[in-house]
There are 4 protein chains.
Amino acid sequence: MSGNSFGTLYRLTSFGESHGKAVGGILEGVLPGTEIDEVFIQSELDRRRPGQSKITTPRNEEDKVEILSGVFEGKATGTPIGFIIRNKDQRSNDYGNIMDVYRPSHADYTYQSKYGIRDYRGGGRSSARETIARVVAGAVAKLMLKQHGITIQAFTSTVGGISIDKDITKLDLGNTETNIVRCPDNETADKMIDFIDEVRKDKDSVGGIISCVIKGAPVGLGEPVFGKLHAELGQAMLSINAVKGFEYGLGFGSAKLKGSEHNDEFYMEGDRVRTRTNNSGGIQGGISNGEDIYFNVAFKPIATILKEQHTVNKQGEEIVSTTKGRHDPCVLPRAVPIVEAMAAMVIADQILLNKMYR
Amino acid sequence: MSGNSFGTLYRLTSFGESHGKAVGGILEGVLPGTEIDEVFIQSELDRRRPGQSKITTPRNEEDKVEILSGVFEGKATGTPIGFIIRNKDQRSNDYGNIMDVYRPSHADYTYQSKYGIRDYRGGGRSSARETIARVVAGAVAKLMLKQHGITIQAFTSTVGGISIDKDITKLDLGNTETNIVRCPDNETADKMIDFIDEVRKDKDSVGGIISCVIKGAPVGLGEPVFGKLHAELGQAMLSINAVKGFEYGLGFGSAKLKGSEHNDEFYMEGDRVRTRTNNSGGIQGGISNGEDIYFNVAFKPIATILKEQHTVNKQGEEIVSTTKGRHDPCVLPRAVPIVEAMAAMVIADQILLNKMYR
Amino acid sequence: MSGNSFGTLYRLTSFGESHGKAVGGILEGVLPGTEIDEVFIQSELDRRRPGQSKITTPRNEEDKVEILSGVFEGKATGTPIGFIIRNKDQRSNDYGNIMDVYRPSHADYTYQSKYGIRDYRGGGRSSARETIARVVAGAVAKLMLKQHGITIQAFTSTVGGISIDKDITKLDLGNTETNIVRCPDNETADKMIDFIDEVRKDKDSVGGIISCVIKGAPVGLGEPVFGKLHAELGQAMLSINAVKGFEYGLGFGSAKLKGSEHNDEFYMEGDRVRTRTNNSGGIQGGISNGEDIYFNVAFKPIATILKEQHTVNKQGEEIVSTTKGRHDPCVLPRAVPIVEAMAAMVIADQILLNKMYR
Amino acid sequence: MSGNSFGTLYRLTSFGESHGKAVGGILEGVLPGTEIDEVFIQSELDRRRPGQSKITTPRNEEDKVEILSGVFEGKATGTPIGFIIRNKDQRSNDYGNIMDVYRPSHADYTYQSKYGIRDYRGGGRSSARETIARVVAGAVAKLMLKQHGITIQAFTSTVGGISIDKDITKLDLGNTETNIVRCPDNETADKMIDFIDEVRKDKDSVGGIISCVIKGAPVGLGEPVFGKLHAELGQAMLSINAVKGFEYGLGFGSAKLKGSEHNDEFYMEGDRVRTRTNNSGGIQGGISNGEDIYFNVAFKPIATILKEQHTVNKQGEEIVSTTKGRHDPCVLPRAVPIVEAMAAMVIADQILLNKMYR
């Protein structure tokens, strides 16, 4: 797989560095006739935008998408949708002093070793700024999925040691956007916000978990063996910056159970085959079974912290480094729309692939 | 992605059902000149073979691989290696009674819905018997990687509630093959074996976790953005039957940490850039950094249990079903070589892909 | 593109050398429920079989296909169809003397240079024996296409200097299989057969042109820009051994024309949009327009001749070489089913791809 | 294959319609460190630019490329190069009257049928304007190939009935750019120019043939079976607008020959294996043999003519249509750099792919 493309029929190919002229992408597989609602796309970008609240980076980018092709009189034509988002608020000077520094747990060292050259400003291609293209592609996927009655909702379920301690299936996910940390339980959200603010003041960062639920997916998505639906979802999520783990259904929890506890018994609901429990997370044998698909994504604390750290530079000298610049103390709130975008792309791709059997 | 192929340059395409004539595959990207040690390949197949111990299924298949092409006078020629393994010990009659039954948490219902037709005998294509092809492809990959000084070692670290409670980095992984559960800590192994045996007698099954360490991988494997090394590894592992989760480095544990705790500081070891800790699991920005790569894979309890279960059939009737036939109470011991095989394929593929930069 | 796979959704991956144990392949994208008529598949193999007439090689292989997976009770299940054809009549000893010889216009030198190792017996992977897998895959594609009312008919239109001098659109293509050179005009066929026989006696070989007509293809097959239907057909044909050129519609002849002569005017035939002429060969803008698709494929004379030739060996010595063994004086008659097979695969793949728009 | 991507490791994904905001693409596989000479890229664009001479369309586009990513301080970084070219001189009003017309031998009807919607202005995605992206990608490929000592030179060898009647291998290809029709034989060039001018005045168009020679390609490029080098070249050329045929080496001419006439005998030139003749066109068994690679590409007369033509419209009515707007009477001169660009992309891709064997 090319590192810059995602998907088979519904496919995004992306480009762009943090401090280059623009980021953008080419989107294929958008069904002709799909209404391309630019206001909705922009609203999704705004959800991932830096500077949206006190717990996100003050870097303030407008992130305004310009669609260059593939749309005619407001509708997709079936030809590829090219789009760009100009980079504007670039304080490249902030990075002059880290030109030769390998920042701990960043991609500086590995990129330099792999390519022998790198655009060091703001992490270049390794910057989470590339996720803008994912959000655009995911927004368009959502527009397609809406026509199939499929909805995708992610939310912050853990920040550091703070987790929602209620039954997640009973939460009103509609609450998610009512607070700045994107946690559907307002009480937990408040704790998370306070904690992140504290971490920020301490010039540190913190990790967490995003959970996601896909409702309305039809039976039959996914391919046997190497193309299992959850393997595609896992690859999608693990490709997001700072992600360290993926589990679906009961996930790592299922390792502790017996088959008699874990198996989901089938029953009939009218004409429809259903399962009484959904430990499988809506996927059996790698193929969706019509129940809700749900999964968790673990994020490490972002590597950029404003504390002193020991490290080395390109010249092979051990040094002490202090990162300047702006940063997110916790990437989770802004990553919620990115998780949704990747999920939407996977489902859109599978919907198209599955049409060959019709 | 086609559901039956894995990899870009080092690529396996597989075929075969549990109770068809044979399983097998076509392997591309084996470097010309590689010595194809058939004894080694067979020894890897024997590690995954059913019937190898009292805690695995008594189904007794010889699983003898026949290589049909791509090898001349013992060496790979660079052309595709076709191979088959005949199915022999098929008791298809055992499955006559489940022809129309949707077994709980199996792929019966989803395959039937997706394709409108299925080979119900022994799970057909959804049977773990397809993993034979993976083990062959992984064994050849290991032969290639050995020349680069890369080794891959997986082991059972958790079965149900029983985990190794020692520092895993200090275990002698050479012990792994000394017991039938493939746990490098013999004390824990004994507990696991007793527990699995108990589960078996109870006609139940149990899940667990397999851990894996890759040593000797060079700096620079993996592609930015969508082709991150851990995303490829995750996709590989999640494609194995019964896998529910994947994490690398500190994984889900990193969600609880702060950046100042999680970041791996760099230092110089002679000419070589190293990290003092390895919370990153050997991968930074999606690219290997030369440290050990390690990850965990969560397996659910296998769905086949010999207890009565409520379910439905193809006719849409609710029924009570009891599975007969032979089964594994715990898939972990036999899955250890499969995890290694998939890891070996990913690394071999990345080694070839990375050559374009040389 | 991997050199051993062809197609995106309808996809063949093949393996096998001329003198290895077997040739075979894995076929994906066969629609579940398709009746797999093994008698028909075998009849297609028999059309390409050596030893079928006095103008083909006396090498006598049974070429019996064994299907190993993907078919249950006579129908495709949607899982990959693995198949092998054992090599039987191998006189590998015939090739001992050419072990180190680079035969003129064969692949000996280029394979040796590329891989540093090769199976020299009978050309190894470069032998036209690999086309067996194509014929199997094409036969299954034809079974699928029959359900869509699509037929594919190739025939020999030129051998050396002898061409059909009648209006090809008025020939009864049903005659094609009535003579051993597979030319639908019996008068021309007789001349071709006499000529080939003469060439054979002279220990020489001769080239020619195969023409092909696809009837019943729906409007809309093919993708814009790089995936044009004729580009896919061209790639397919050019991948067949000994092919040197491809043209569709008026082909090279169109280079001489003016737009006013070449353009196909549209008219209405009832509800259907038709063209009065079909200089476009049924494809406009890379997409099928519902008219007959037709194209020509140029074959060079096969490189194996039984005359003395000057050449060099692996040791870099100039030598005089005389090939022994059996050979075809003219590859055309046996290549007719191969051209059809590749065309059938392309159309089947495009039919599946085009379903995403439905 | 996605219709909008070309290549495996060296890969262009393109977007854009004739009258949209911009055309552009994303280029992957550019070796890090390659100097990106924007002046050279622009000069290649200028060779394909409309309005460059009296025999090309007077549509006057600046076609100024803007590189948005993947280049740092003048050098490629190994990350994808995103680029756009804004559309400027759009007289969309010229096309209002053909909104519903299916122009003969254009893609209007097939696009409308495939997608159910289309951007009719100037042919939309089917316009040759998309080839701008190819020229940019080809120019960068040439910069990479120059480092390997590989050069690619195409030229107009036939226009209508006028062909170069000299031995092409003895022409000075350096002359190609000295005349506006890009024919290296000035005498023939003059005839071609006069003829095209006449055709233009007659509101008609004319076809022709472009020939191309690749010098300096190493032995070993191309993959066996489906990935033969000439099959990749053929697919590349056939994907260019208006191309109807491809042949390499002696091409269709080889169909008339005997093996004893066509075979290229090997000899030693110092340490190097050479062939005395080069009827193979530098490719044997699908793999380059170190001799010059050469091929011909047939172009039909462009469909846009300014004469009255009978056709139908979207409403299914038979009408008489006269195209207005600007057009090229002969596409050949401007297609020369496009042929070179596609060839350069194929060779660059194969160079990268072949590195896996090193």
Side-chain angles (χ1 to χ4, degrees), chain A residues 1 3-4 6 102 104-105 107 110 113-114 125-126 158 160-161 204-209 219-220 223-228 230-231 234-235 238-239 244-247 251-252 254-260 262-266 268 273 284-285 287 289 298 300-301 303 305 307 310-312 318, chain B residues 1 3-4 6 102 104-105 107 110 113-114 125-126 130 158 160-161 204-209 219-220 223-228 230-231 234-235 238-239 244-247 251-252 254-260 262-266 268 273 284-285 287 289 298 300-301 305 307 310-312 318:
Chain A
M1 167 182 286
N4 304 299
F6 185 83
Y102 295 152
S105 289
T110 51
S113 300
K114 186 178 183 79
R125 183 72 174 145
S126 76
T158 293
D204 214 332
S205 64
V206 66
I209 297 174
V219 188
E223 294 288 327
V225 188
F226 301 115
K228 293 188 170 83
H230 55 266
Q235 213 260 0
L238 288 157
S239 78
K244 302 289 286 190
F246 169 85
E247 59 179 7
F252 276 85
S254 67
K256 295 182 191 126
L257 298 183
K258 295 189 180 167
S260 56
H262 187 274
N263 282 358
D264 294 318
E265 293 194 339
F266 287 110
M268 298 303 300
V273 175
Q284 293 179 324
I287 298 168
N289 69 358
K300 68 167 189 175
I305 58 177
K307 290 173 183 288
H310 292 265
T311 191
V312 305
E318 300 193 345
Chain B
M1 168 180 285
N4 304 297
F6 186 81
Y102 295 152
S105 288
T110 51
S113 300
K114 185 178 184 78
R125 183 71 174 145
S126 76
E130 58 84 1
T158 294
D204 214 331
S205 64
V206 67
I209 297 173
V219 188
E223 295 287 328
V225 189
F226 301 115
K228 294 188 169 82
H230 55 265
Q235 212 260 2
L238 288 157
S239 78
K244 303 288 286 189
F246 169 86
E247 59 179 7
F252 277 85
S254 67
K256 296 183 191 124
L257 298 183
K258 295 190 179 164
S260 55
H262 188 275
N263 281 358
D264 295 317
E265 292 193 340
F266 287 111
M268 297 303 300
V273 175
Q284 293 179 324
I287 297 170
N289 68 357
K300 69 168 188 174
I305 58 177
K307 290 173 182 287
H310 291 265
T311 190
V312 306
E318 301 194 343

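Given the structure is predicted, the values throughout are model-derived calculations rather than measurements. Here is the naming used below: chain letters follow the sequence lines, and residue numbers restart at 1 for every chain.
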Region of S126(A) that comes under 4.5 Å of a non-hydrogen atom in chain B: neither

V273(B) versus chain A, the contacting section by heavy-atom distance below 4.5 Å: both

For K307(B), is it the side chain, the backbone, both or neither that has a heavy atom under 4.5 Å from a heavy atom of chain A? side chain

Shorter than 4.5 Å, heavy atoms on both sides: which option in [options] has the most such pairs with chain B?
options	result
A107(A), S205(A), S113(A)	S205(A)
I209(A), I305(A), I287(A)	I287(A)
G285(A), A255(A), G207(A), A303(A)	A255(A)

[Y] side chain reached by [X] side chain, heavy atoms, under 4.5 Å:
X	Y	result
L257(B)	V206(A)	no
L238(B)	K228(A)	no
V219(B)	K114(A)	no

Nearest non-hydrogen partners of [X] and [Y], listed with the distance:
X	Y	answer
G259(A)	P301(B)	N-CB, 3.3 Å
E223(A)	G3(B)	CB-CA, 3.9 Å
A298(A)	G251(B)	CB-O, 4.2 Å
G245(B)	F252(A)	C-CE1, 3.7 Å
P104(B)	E265(A)	CB-CA, 4.3 Å
D264(B)	S105(A)	N-OG, 2.9 Å

Partners of E247(A) by side-chain hydrogen bond (donor to acceptor under 3.5 Å, both in side chains), sequence neighbours excluded? N296(A)

Donor-acceptor pair between N289(A) and T110(B) side chains, under 3.5 angstrom: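 No.
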
If you count heavy-atom pairs under 4.5 Å between each of H230(B), K256(B), M268(B) and chain A, which one has the most? M268(B)

Can you tell me how far the CZ atom of F246(A) sits from the CZ atom of F246(B), to the nearest 0.5 Å?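 Rounded to the nearest 0.5 Å, the CZ-CZ separation comes out at 11.5 Å.
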
Apply salt bridge (charged side-chain N to carboxylate O under 4.0 Å, His left out) to K244(A) and list each qualifying residue two or more places apart in sequence or on a separate chain. none

